[in-house]
Structures are given as C-alpha cells and as structure tokens.
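Notes follow the structure.
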Amino acid sequence: MANHHFSVATESSGKHRTSLRVPNLVGGSFVDSKSSEFIDVINPANQEVVSQIPLTTNEEFKSAVTAAKEAFPPWRNTPITTRQRVMLKFQELIRKNMDKLALNVTTEQGKTLKDAQGDVFRGLEVVEHACGMATLQMGEYVANVSNGIDTYSIREPLGVCAGICPFNFPAMIPLWMFPVAVTCGNTFILKPSEKDPGASMMLAELAMEAGLPDGVLNIVHGTHDIVNAICDDDDIRAISFVGSNPAGMHIYSRASAKGKRVQSNMGAKNHGVIMPDANIDSTINALVAAGFGAAGQRCMALSTVVFVGDSKPWEEKLLERAKALKVSAGTEPYADLGPVISKQAKERVCRLVQSGVDSGAKLLLDGRDIVVPGYEKGNFVGPTILCGVTPDMECYKEEIFGPVLICMQANSLDEAINIVNQNKYGNGAAIFTTSGVASRKFQTEIEAGQVGINVPIPVPLPFFSFTGSKASFAGDLNFYGKAGVQFYTQIKTVTQQWKDLPGGSGVSLAMPTSQ
Ligand code: NAD
C-alpha cells in the first residue's frame with residue numbers, strides 16, 4: 001500500500017478501535033513495512049494497544065535515505081522564500097489540527113490534554129521561527145579585503161540529516177528538528193520514539209499538505225538497530241538526538257566516529273534553590289507545577305528542591321498543595337497529572353523512591369500505591385515527596401523521571417550552589433528569591449545551561465537555543481535558535497576578484513597578502 005494519507009488513532013477509550021499499523025514514510029508515500037517484527041504502542045492510562053510500529057527493515061531504511069538523497073538537490077535549489085512559505089502554511093495547519101494532535105499525544109504519551117496542547121504549541125513556535133529562515137541563514141560580506149577582492153560567506157545545507165526522538169514530547173521534539181533542518185535546505189530522516197510515534201506521523205502529513213516535496217521528510221521506525229543504521233550510514237551528514245544518557249552518548253560516539261555532526265540533548269536533574277525571602281505562595285505553586293506537571297516526565301522538570309535555611313514550613317505547604325492534585329487519565333478534564341509512560345517506568349520510579357527511604361530519606365508523601373478509578377490498569381504514580389535527601393543517595397544521583405520531588409537542605413546560598421554544581425547534569429537550575437544580589441550570584445556561579453530566576457522551567461523560546469550543559473548535552477551546537485541553524489548548515493567562503501587586471505605585472509609565487 002502506498003498513499004499520501006495516513007490516519008492515527010486519537011480516541012482514549014479505544015472501544016471502537018481496531019489495531020493499526022504505523023507505516024514508514026518514504027519518498028512522500030506512507031508505505032506499510034514488510035517487517036515481521038512490530039512493537040505495540042500502548043496507551044499508558046489503560047494499557048490498550050493504540051497502534052503498532054514496525055521495526056523498519058534495512059532495505060526500507062536504505063530506500064528512505066535514497067529518497068532523501070534524491071530530494072536534496074532540487075530542494076536545496078528551491079528559493080528560500082518558497083521553503084519559508086511551506087513553513088508558513090505548515091504552522092497554519094498545525095494550529096488547525098491542534099486538538100487532534102493534542103489528543104493523540106495524550107492517548108499515546110499520557111500527559112493531560114492541556115499539557116499536550118503545550119507540547120504541540122512549543123513545537124509550533126519553532127515552525128514559526130523557521131518562517132524567518134532567510135534572515136537566520138544570511139551569510140557575511142566584507143568588501144575589498146584586498147585591492148579589488150571581496151570575500152563573502154554562504155551558509156549551505158548539509159544534505160541528509162536525521163533526528164532520533166524521545167517519548168516525553170512527541171510533538172515538540174520532532175518540531176525542534178525537521179522544520180529547522182528542511183527550511184535550511186536539508187532533507188530529513190525522522191525516527192520517532194517507538195512509544196508514541198503518532199504525532200510525528202500527523203505532523204509529517206501536515207508538512208506535506210503544506211507543500212513539502214516528496215522525499216524531503218521521511219520516517220522510519222524501530223529501536224537500537226535502526227538507530228545504529230542511522231549512525232553508520234555514509235549518506236547521513238548530521239544527527240539530532242534527544243533522550244537518555246546511555247543512548248545519547250552511544251549515538252554521539254558512534255556517529256562522530258563516522259564523521260557526522262551530532263547534537264545530543266540528554267538527561268537532567270534540575271534543582272530549584274529556595275531562599276528564605278522567596279514569595280511563599282508563588283514559589284510553592286511553581287514547585288508543584290514543575291515537579292509534578294507531566295508526571296515529572298520533562299527534561300526540565302524541577303525534580304530537586306534545595307531549601308536554604310529551615311525547610312519545615314516549606315515542606316508542610318508543599319505537602320498540602322501536592323496532596324490536592326488529581327491524578328487520572330490525561331483525557332479527563334479534571335486531571336492534573338496523568339500516568340508515566342510504561343510499567344517499567346513506574347517500576348523504576350518506585351524502586352528509586354524505595355532506595356531513598358532505605359537510605360534514610362523521609363517519605364512525606366507516597367504516591368506509589370495509587371489506584372485511579374476507571375483506570376485501574378494505568379501506570380499511575382501519585383505525587384511523591386522525599387525529604388532529607390543527601391547527595392550520596394541513589395534517588396538523588398539517578399534521574400527519576402516521575403512525579404517525585406526530592407527535598408534537600410543547605411545552610412547558605414554558597415552551600416546550595418555547591419550542591420547543584422557537584423551534580424553531573426547541567427540542564428537547568430532555578431532560584432526563588434526576592435533578592436537581586438542572591439539571584440545575580442546564582443546566575444554567575446551556577447553550572448547549568450538554563451537558569452531560571454523565579455521561573456521554574458526556563459526553556460528558552462526558539463530565537464534563543466536550548467542550552468543544557470555538562471552531562472545533559474554532547475556536541476557544540478545546540479538545538480534551535482542561531483546555533484540550530486549553524487548545526488544544519490556549513491559555511492562556504494567565497495573570495496572574488498572583479499577588476500581590470502593589469503597585464504604584464506609578472507608572476508609572484510609568494511603567499512598572497514594585502515600588506
Ligand atoms: P531513550 O534514550 O530511552 O530513547 C530515546 C531514543 O533513543 C528513542 O528513539 C529510542 O528508540 C532510542 N534508543 C534508546 N536506547 C537506545 C540504545 N541503547 N541504542 C540506540 N538507540 C536507543 O529516552 P526516553 O526514555 O525516550 O526519553 C527520556 C529521556 O530523555 C530522559 O533522560 C530525559 O531527560 C531526556 N530528555 C532530554 C531532553 C533535553 O532536551 N535535554 C528533552 C527531553 C527528554
């Protein structure tokens with residue numbers, strides 16, 4: 001079967017749904033895989049099978065790369081204004097299909113519908129940004145670098161690029177990648193998360209409806225094998241990866257060894273430092289939202305709180321507000337947080353919470369045994385708070401990636417900064433204070449790539465870049481913003497001479513200079 005249309009399941013109840021196989025997208029056609037191996041995509045709120053992804057075969061992968069390679073010359077020669085206009089139309093179509101996209105995200109990933117809208121919207125903003133690519137991709141020009149000689153630089157696309165995605169933002173993260181890459185003139189192979197590929201499929205269909213030519217965007221599916229094939233393929237020039245550290249470092253080294261560019265955004269342990277002078281009400285609200293929102297499955301979730309001074313009054317208020325949160329399927333309008341992605345994810349979260357208890361932390365709130373009426377099979381974990389955590393504990397060292405807030409204590413801002421800086425990750429850190437002096441010190445001394453000052457999840461908008469550091473990032477050009485454009489382009493420098501050349505001045509074999 002080959003066609004230009006594709007439909008994904010977006011119901012949460014699943015009552016009338018038949019199992020649906022997710023096709024590959026190759027050269028502009030959605031094609032069913034010939035693979036004999038499939039993985040179930042499971043609704044984490046009720047365990048129903050939403051769809052099945054194939055382990056795309058090597059032959060199918062090769063045909064996707066060939067399609068992308070063949071689409072590259074005409075696409076790179078398509079005027080930049082035309083490429084921008086495809087994005088302009090694409091952003092309009094995303095807006096029109098916002099509810100449908102969000103429902104698919106909730107069905108496959110579990111987050112609440114409102115949060116799923118945010119997932120789509122933060123990706124949409126990258127598409128909006130790509131609409132101004134001509135300005136972003138501009139080169140530089142210096143006239144008369146020598147007598148009658150000018151030099152200018154051109155930012156050219158690389159060729160075939162690839163993106164490998166995590167499960168936690170099924171719409172936003174694919175949209176961090178391919179809109180920037182293709183508007184620069186590249187063609188693309190996207191590998192969505194095997195846990196929630198639906199949003200990628202819908203977005204690809206919308207991008208083609210917006211006018212993206214056949215072969216400019218291709219989609220393949222699978223896990224380790226397809227990722228390794230992407231790392232090894234000689235025709236792929238650059239890889240964007242977002243996900244965990246083991247996968248990210250493996251991809252970074254394997255693909256770099258093949259001479260590819262890699263940008264790898266990885267795990268996190270984001271700290272919020274709370275000064276005694278912080279506004280109590282807004283700070284507690286921020287901590288609850290950033291600790292438990294999306295069931296803690298955000299790479300910028302504020303999972304660790306460091307109270308400077310007496311933590312007791314803060315913890316009491318935190319408990320009060322966390323207890324009031326409603327846990328249910330993301331499709332229920334009253335739900336504050338939905339399930340975690342899988343049974344294994346729930347087990348990992350529970351194990352890390354237990355390890356904290358075993359090593360002496362105090363369990364202020366325990367959400368591990370929660371049962372959600374109507375969704376008894378869901379992978380739910382209720383808001384959980386561990387107090388008195390110390391840096392040597394496993395629950396502190398490991399990324400929990402669940403609705404678990406870890407509370408620590410420090411006697412001074414210096415001590416708090418030291419705790420944050422000792423942590424291997426460097427994605428984000430936030431300070432809550434009414435003191436400009438404290439926040440400026442924090443901003444200067446903290447070793448994290450994204451700093452919030454009274455802002456809990458400081459994910460920069462697309463005119464800046466996503467700037468995680470230390471173990472949270474490998475590579476040197478970040479996602480989106482100016483760095484994102486640099487990642488997907490290489491510079492050509494042209495030196496030209498247009499003048500009436502004086503004849504008979506002889507030949508000089510010395511290195512040309514303009515002294
Ligand atoms: P994951 O690493 O398990 O999977 C990410 C992708 O890599 C998937 O497409 C998967 O198929 C592939 N993959 C997984 N293991 C692999 C291996 N050993 N070899 C080759 N490919 C492999 O990550 P996840 O569970 O989907 O996502 C959660 C993680 O992503 C968390 O660590 C989170 O902090 C991180 N994350 C980081 C950012 C960021 O911008 N820094 C954003 C979102 C998520």
Side-chain angles (χ1 to χ4, degrees), residues 39 41 44 53-56 108-111 119 122-123 126 162-177 189-197 199-200 219-232 239-255 262-270 294-304 340-342 344-346 348-349 352 379 398-402 423-429 448-450 457-460 462 465-475 478-481 483-484:
I39 300 179
V41 175
I53 61 128
L55 299 188
T56 298
E108 294 186 0
Q109 199 275 349
K111 61 181 75 177
D119 186 332
R122 292 301 293 258
V126 181
I164 299 163
C165 303
F167 78 84
N168 66 329
F169 281 97
M172 178 182 81
I173 287 175
L175 290 174
W176 281 3
M177 299 175 176
I189 310 282
L190 185 69
K191 206 295 278 178
S193 167
E194 64 277 14
K195 300 193 174 78
D196 43 25
S200 286
I219 300 185
V220 294
H221 301 284
T223 59
H224 301 32
D225 290 347
I226 194 90
V227 167
N228 287 339
I230 291 171
C231 293
D232 295 348
I239 298 180
S240 299
F241 170 83
V242 180
S244 67
N245 282 62
M249 288 316 296
H250 166 73
I251 291 164
Y252 182 77
S253 46
R254 186 157 177 157
V262 184
Q263 50 176 195
S264 178
N265 266 14
M266 296 173 286
K269 196 86 180 174
N270 308 306
Q297 298 176 115
R298 292 184 184 129
C299 62
M300 284 291 279
L302 212 59
S303 56
T304 307
V340 295
I341 189 70
S342 63
Q344 294 87 323
K346 178 170 175 165
R348 199 197 61 244
V349 172
L352 285 167
N379 318 315
E398 293 271 314
E399 182 181 34
I400 299 182
F401 226 54
N423 194 283
K424 69 172 175 172
Y425 294 111
N427 220 31
Q450 305 177 98
I457 306 182
V459 176
S465 299
F466 191 100
T467 51
S469 62
K470 292 164 72 182
S472 299
F473 180 69
N478 296 107
F479 279 81
Y480 61 80

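One-based numbering, in listed order, for ligands and for the atoms of each.
Here the side chain of Ser469 pairs a donor or acceptor atom with the backbone of Gly426 at under 3.5 angstrom. Listed for the Ser472 side chain is a donor-acceptor partner under 3.5 Å among the backbone atoms of Gly267.
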Which atom pairs, one a donor and one an acceptor, fall under 3.5 Å between side chains of residues 221-231 and the rest of the protein, sequence neighbours left out?
from, atom 1, to, atom 2, distance (Å)
His221, NE2, Pro23, O, 2.9
Asn228, OD1, His250, NE2, 2.7

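Inclusion of Gly243 in the set of residues having an N or O under 3.5 Å from an N or O of ligand 1 is warranted. Polar contact with ligand 1: present for Glu399 (N/O pair, distance under 3.5 Å). Where the criterion is an N or O separation shorter than 3.5 Å, residue side chain and backbone included, Thr223 fails it with respect to ligand 1.
Near Ala247, meaning under 4.0 Å from any of its heavy atoms, are these atoms of ligand 1: 2 (O), 13 (N), 14 (C), 15 (N), 16 (C), 22 (C). Near Ile164, the atoms of ligand 1 lying under 4.0 angstrom from a non-hydrogen atom of the residue are 6 (C), 7 (O), 9 (O). Listed by number with element, the atoms of ligand 1 under 4.0 angstrom from any heavy atom of Asn427 are 41 (N). Short contacts between ligand 1 and Asn168, defined as distances under 4.0 Å to a heavy atom of the residue, involve ligand atoms 43 (C), 44 (C). Near Ile173, with a cut-off below 4.0 Å to any heavy atom, the atoms of ligand 1 are 42 (C), 43 (C). Residue Lys191 approaches ligand 1 through these ligand atoms, each under 4.0 Å from one of its heavy atoms: 8 (C), 9 (O), 10 (C), 11 (O).
Taking atom 26 (O) of ligand 1 as the reference point, the nearest protein heavy-atom neighbour is Phe167 N, 3.0 Å. In terms of protein heavy-atom proximity, atom 42 (C) of ligand 1 is closest to Cys299 SG, 2.9 Å. Considering only non-hydrogen protein atoms, atom 40 (O) of ligand 1 sits nearest to Asn265 ND2, 2.9 Å.
Here the closest heavy-atom approach between residue Met177 and residue Ser240 is recorded as CE-O, 3.6 Å. In terms of heavy-atom proximity, Pro170 sits nearest to Lys111 at CD-NZ, 4.5 Å.
When heavy-atom distances to ligand 1 are checked against a 4.0 Å cut-off, Val227 comes that close only through its side chain, counted from C-beta outward. With a heavy-atom cut-off of 4.0 Å, Phe466 touches ligand 1 through its side chain alone. In Phe401, the part holding a heavy atom less than 4.0 Å from any atom of ligand 1 is the side chain. With a heavy-atom cut-off of 4.0 Å, Phe241 touches ligand 1 through its side chain alone. Proximity of Ile341 to ligand 1, defined as any heavy-atom pair under 4.0 Å, is not found for any part of the residue. With a heavy-atom cut-off of 4.0 Å, Trp176 touches ligand 1 through its side chain alone. At a heavy-atom distance under 4.0 Å, only backbone atoms of Met266 (N, CA, C or O) approach ligand 1.
For atom 4 (O) of ligand 1, the nearest protein heavy atom lies 4.0 Å or farther away.
Selection from His250, Arg298, Gln297 by nearest heavy atom to atom 19 (N) of ligand 1 gives His250. Of the options Cys165, Pro166, Gly468, the smallest heavy-atom separation from atom 8 (C) of ligand 1 is shown by Cys165. With atom 23 (O) of ligand 1 as the reference point, the heavy atom nearest to it among Ser244, Gly428, Ala268, Pro170 is part of Ser244. Nearest residue to atom 18 (N) of ligand 1 from Lys269, His224, Glu194 is His224 (criterion: closest heavy atom).
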Kindly indicate, with the supporting measurements, whether the criterion side chain to side chain contact (heavy atoms under 4.5 Å, CB included) is fulfilled by Asn478 and Gln263. CA-CA 6 Å; Asn478 296 107; Gln263 50 176 195; 5.6 Å; no
Show your working on side chain to side chain contact (heavy atoms under 4.5 Å, CB included) between Gln450 and Phe466 and close with a plain yes or no. CA-CA 8 Å; Gln450 305 177 98; Phe466 191 100; 3.3 Å; yes
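Annotation: side chain of Pro458 is in contact with side chain of Met300 (closest heavy-atom distance under 4.5 Å). Looking at heavy atoms from C-beta onward, Asn265 lies in side-chain contact with Trp176 at the 4.5 angstrom threshold. The shortest side-chain heavy-atom distance between Ile457 and Leu302 does not fall under the 4.5 Å cut-off.
Residue contacts with ligand 1: Asn245 is excluded, as none of its non-hydrogen atoms falls under 4.0 Å.
Within the model, atoms CD1 of Ile400 and CZ of Arg348 stand 8.5 Å from one another, a figure rounded to the nearest 0.5 Å.
For Pro166, the side-chain contact (heavy atoms from CB on, under 4.5 Å) criterion is met by Asn168, Ile173, Val242, not counting sequence neighbours.
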